Amino acid sequence: MSEEIRIKAKTAILYVACGESTGLVDCVTEIVNQLEPLLFCGMRDLVQELGDEMTPVLENTRQHYNIDKSCQTALSFLTTISYLRKDKYDKAIEMLELLTDKLDSNFSVYID
């Protein structure tokens with residue numbers, strides 16, 4: 001598969017996982033563990049179009065499920081990314097500032 005198709009497939013999988021209660025945490029963890037610049041840009045594009053649908057599911061999962069620390073970190077990061085859209089930049093900035101101290105340095109390039 002070409003790189004572009006691979007990125008589109010991963011973002012599509014994330015979108016579908018947000019529509020289901022099972023498998024979302026695993027999907028989020030896998031995507032965040034494989035994060036690289038093109039995938040990040042693909043996710044950013046996805047949430048600009050579909051973030052209104054995805055954010056509530058990500059928020060609900062982040063706030064109400066007891067999961068291990070690495071999964072919680074991945075979910076918090078991706079939930080924050082889901083706010084990167086025109087009408088939610090203030091919320092995204094607020095959450096990114098909170099994550100800055102908590103996240104692994106591997107994420108700092110994406111937070112910047």
Side-chain angles (χ1 to χ4, degrees):
M1 264 196 266
S2 75
E3 188 70 14
E4 182 179 344
I5 292 172
R6 186 182 64 78
I7 298 301
K8 287 182 180 182
K10 285 185 185 257
T11 57
I13 289 168
L14 174 62
Y15 177 71
V16 170
C18 282
E20 303 173 358
S21 57
T22 59
L24 178 59
V25 173
D26 291 336
C27 180
V28 166
T29 303
E30 181 180 336
I31 285 176
V32 171
N33 287 339
Q34 297 174 0
L35 196 60
E36 42 89 16
L38 287 175
L39 181 55
F40 178 80
C41 291
M43 288 187 320
R44 186 190 62 212
D45 294 344
L46 176 70
V47 299
Q48 287 175 348
E49 294 180 37
L50 301 169
D52 287 335
E53 297 174 32
M54 297 171 64
T55 299
V57 177
L58 291 165
E59 276 289 0
N60 184 49
T61 304
R62 183 178 71 91
Q63 293 176 7
H64 296 104
Y65 288 86
N66 188 15
I67 51 179
D68 70 50
K69 185 175 167 71
S70 65
C71 291
Q72 185 67 40
T73 300
L75 194 54
S76 293
F77 179 72
L78 203 51
T79 302
T80 301
I81 298 307
S82 77
Y83 281 103
L84 290 177
R85 52 189 192 274
K86 190 180 206 178
D87 59 336
K88 299 291 183 183
Y89 282 133
D90 290 339
K91 178 71 173 176
I93 291 169
E94 175 187 320
M95 291 179 74
L96 285 169
E97 288 173 347
L98 292 173
L99 284 174
T100 301
D101 295 333
K102 297 178 185 177
L103 287 180
D104 185 306
S105 62
N106 293 335
F107 294 111
S108 63
V109 68
Y110 301 108
I111 291 174
D112 291 342

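Predicted model, so just to flag it, every value in this text is computed and none were measured.
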Inset, instruction - Under the side chain to side chain contact (heavy atoms under 4.5 Å, CB included) rule, collect the residues that match up with Thr80, sequence neighbours excluded. - result: Met95, Leu96, Leu99
Legend entry - Counterpart residues, side chain to side chain contact (heavy atoms under 4.5 Å, CB included), relative to Leu38 (two or more places apart): Glu3, Ile7, Glu36
Inset, instruction - Following the transitive rule for hydrophobic clusters with a side-chain heavy-atom cut-off under 4.5 Å over Ile, Leu, Val, Met, Phe, Trp and Tyr, establish whether Ile31 and Met54 coincide in one cluster. - result: yes
Legend entry - Residues in ring-ring contact (aromatic ring centres under 6.0 Å, His included) contact with Phe40, at least two apart in sequence or another chain: Tyr110
Inset, instruction - Would you please name every residue forming a side-chain hydrogen bond (donor to acceptor under 3.5 Å, both in side chains) with Asp90, sequence neighbours left out? - result: none
Inset, instruction - Kindly write out the residues that satisfy salt bridge (Lys or Arg N to Asp or Glu O under 4.0 Å) with Lys8, not counting sequence neighbours, or none if the list is empty. - result: Glu4
Inset, instruction - With rounding to the nearest 0.5 Å, note down the distance linking SG in Cys71 to CG in Asp26. - result: 7.0 Å
Inset, instruction - Taking all heavy atoms of Val47 and all of Ser82, pick out the closest pair and write down the distance. - result: CG1-CA, 3.6 Å
Inset, instruction - Over all heavy atoms of both residues, which pair between Pro56 and Gly51 is shortest? Give the atoms and the distance, please. - result: CD-O, 4.2 Å
Legend entry - Point-to-point distance, once rounded to the nearest 0.5 Å, from CG of Leu84 to CD of Gln48: 7.5 Å
Legend entry - Set of residues satisfying side chain to side chain contact (heavy atoms under 4.5 Å, CB included) with respect to Gln63, sequence neighbours excluded: Glu59
Inset, instruction - Tell me, please, which residues at least two apart from Ser76 pass side-chain hydrogen bond (donor to acceptor under 3.5 Å, both in side chains). - result: none
Legend entry - Between Glu53 and Tyr15, a side-chain donor and acceptor under 3.5 Å: yes
Legend entry - Ile81 reachable from Leu75 in the ILVMFWY side-chain graph, under 4.5 Å edges: yes
Legend entry - For Glu49, all residues meeting side chain to side chain contact (heavy atoms under 4.5 Å, CB included), sequence neighbours excluded: none
Legend entry - Partners meeting side-chain hydrogen bond (donor to acceptor under 3.5 Å, both in side chains) with Glu30 (sequence neighbours left out): none
Inset, instruction - Measure the spacing between CG of Asp45 and OG1 of Thr11 and express it to the nearest 0.5 Å. - result: 8.5 Å
Legend entry - Gap between atom OG1 of Thr73 and atom CZ of Phe77 - 0.5 Å precision: 11.0 Å
Inset, instruction - Calculate, to the nearest 0.5 Å, the distance between atoms CZ and OG1 belonging to Arg62 and Thr55 respectively. - result: 10.5 Å
Legend entry - Heavy-atom pair with the smallest gap, counting every atom of Ile13 and Cys27: CG2-SG, 3.7 Å
Legend entry - With sequence neighbours excluded, residues passing side-chain hydrogen bond (donor to acceptor under 3.5 Å, both in side chains) with Asp52: Arg85
Legend entry - Linked hydrophobic residues, Ile93 as query - side chain contacts closer than 4.5 Å: none
Inset, instruction - Treat each ILVMFWY residue as a node, draw an edge where side-chain heavy atoms are under 4.5 Å apart, and state whether Leu78 and Leu50 are in one component. - result: yes
Legend entry - Residue from Val25, Thr61, Thr29 passing side-chain contact (heavy atoms from CB on, under 4.5 Å) with Ile67: Val25
